[in-house]
Amino acid sequence: MDLPHDPFMLLSFVNMKLRDEYRDLDELCAAAGIDRDELVKRLAEAGFEYMPEINQFR
């Protein structure tokens, strides 16, 4: 899966997928072939962290 390069577009894209299609970040990453650690790192660099209790990055 080709992810957006802009961190805000990436945030929006990932949160939409988590809200609409996947029960958690692990499922999204496995289904899309995304390296979970790299995704978390990219979003952390933009100031966002994954919150499993709400299944979103904030």
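All residue numbers refer to positions in the sequence shown, counting from 1.
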Between [atom1] on residue [X] and [atom2] on residue [Y], distance to nearest 0.5 Å:
X	Y	atom1	atom2	answer
E38	L3	CD	CG	10.0 Å
L43	R58	CG	CZ	13.5 Å
L39	M1	CG	CE	10.5 Å
D37	R42	CG	CZ	13.5 Å
M51	L18	CE	CG	13.0 Å
L11	M16	CG	CE	11.5 Å

Side chains of E21 and L28: does their closest heavy-atom pair fall under 4.5 Å?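 No; the side chains remain at least 4.5 Å from each other.
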Using the six-membered ring wherever Trp is involved, compare the ring planes of F48 and F8 and label them parallel, tilted or perpendicular (cut-offs 30° and 60°).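 The rings of F48 and F8 stand perpendicular, inter-plane angle above 60°.
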Y50 side chain to Q56 backbone, donor-acceptor under 3.5 Å: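 Not a single qualifying donor-acceptor pair exists.
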Test your reading of the model: is there a side-chain donor-acceptor pair from D24 to the backbone of P52, 3.5 Å cut-off?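 Checked: no pair found.
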N55 vs Y22, side-chain hydrogen bond (donor to acceptor under 3.5 Å, both in side chains): CA-CA, chis, key distance, verdict: CA-CA 9 Å; N55 195 34; Y22 299 100; over 6 Å; no
Apply side-chain contact (heavy atoms from CB on, under 4.5 Å) to residues L10 and H5 and explain how you reach the verdict. CA-CA 7 Å; L10 178 61; H5 294 286; over 6 Å; no
